[in-house]
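Quantities reported herein were computed from a predicted structural model and do not represent experimental measurements.
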Amino acid sequence: QVQFVESGGGSVQAGESLRLSCTASGSSASRTAMAWYRRAPGKQREMVARISITGVTMVVNSLRGRFTISRDSDENIVHLQMNNLKPEDTAVYYCNYPYANSYSNWGQGTQVTVSS
């Protein structure tokens, strides 16, 4: 069973940046497509970015220009670079497969708090 571990979150001021990292461990931890999700208070979890097996990336329209997803060249470790953070970015950020749903195995996520 794959376990996802997110790190890099924290409390920052608006306009600052954070770089999140995600590692996958287990029997299926080899290179695969991956995605970042977030869940803000009172809102449903949403995908914010994904990267394909071949490295093609996607960031949701509202976050393009500020968020970037990437993967280490030697390992299946994905990152989410978040620039010019805004209070509305406050959420718990998770990584998982692009096709994950509520019944998937989720990690604890990493908290991102942006103060105005």
Path from V56 to W36 over hydrophobic side-chain contacts below 4.5 Å: no
Qualifying side chain to side chain donor-acceptor pair (under 3.5 Å) pairs with a residue from residues 49-62, counting only residues at least two apart or across chains: S52-T54, N61-R64
Heavy-atom check, side chain of Y93 versus side chain of E6, under 4.5 Å: no
Check: R66 and D89 side chains under 4.5 Å, non-hydrogen atoms: yes
Rounded distance [0.5 Å steps], CG in L63 versus CD1 in I69: 12.0 Å
Separation of L80 CG from L20 CG (nearest 0.5 Å): 5.0 Å
Exercise: identify the closest heavy-atom pair between T90 and P41: O-CD, 4.0 Å
Neighbour count above 12 (heavy atom, 6.0 Å) for E46 CD: yes
Nearest-0.5 Å distance that lies between atom CZ in R71 and atom SG in C22: 11.0 Å
Interatomic spacing from CE in M34 to OH in Y97 - rounded to 0.5 Å: 6.0 Å
P98 backbone acceptor or donor facing Y37 side chain under 3.5 Å: yes
Side chain proximity check, L85 to F67, heavy atoms < 4.5 angstrom: yes
Sequence neighbours excluded - disulfide (SG to SG under 2.5 Å) pairs with any residue from residues 32-62: none
Per-pair distances, 0.1 Å, donor-acceptor, side chain in residues 105-116, under 3.5 Å, sequence neighbours excluded:
from, atom 1, to, atom 2, distance (Å)
N105, ND2, V2, O, 2.5
W106, NE1, N101, O, 2.7
T110, OG1, G9, N, 2.9
Q111, NE2, A91, O, 3.4
Q111, NE2, T113, OG1, 3.4

Nearest-0.5 Å distance that lies between atom CG in N96 and atom CE in M47: 9.0 Å
Interatomic spacing from SG in C95 to CD1 in I51 - rounded to 0.5 Å: 12.5 Å
Side chain proximity check, S17 to R19, heavy atoms < 4.5 angstrom: no
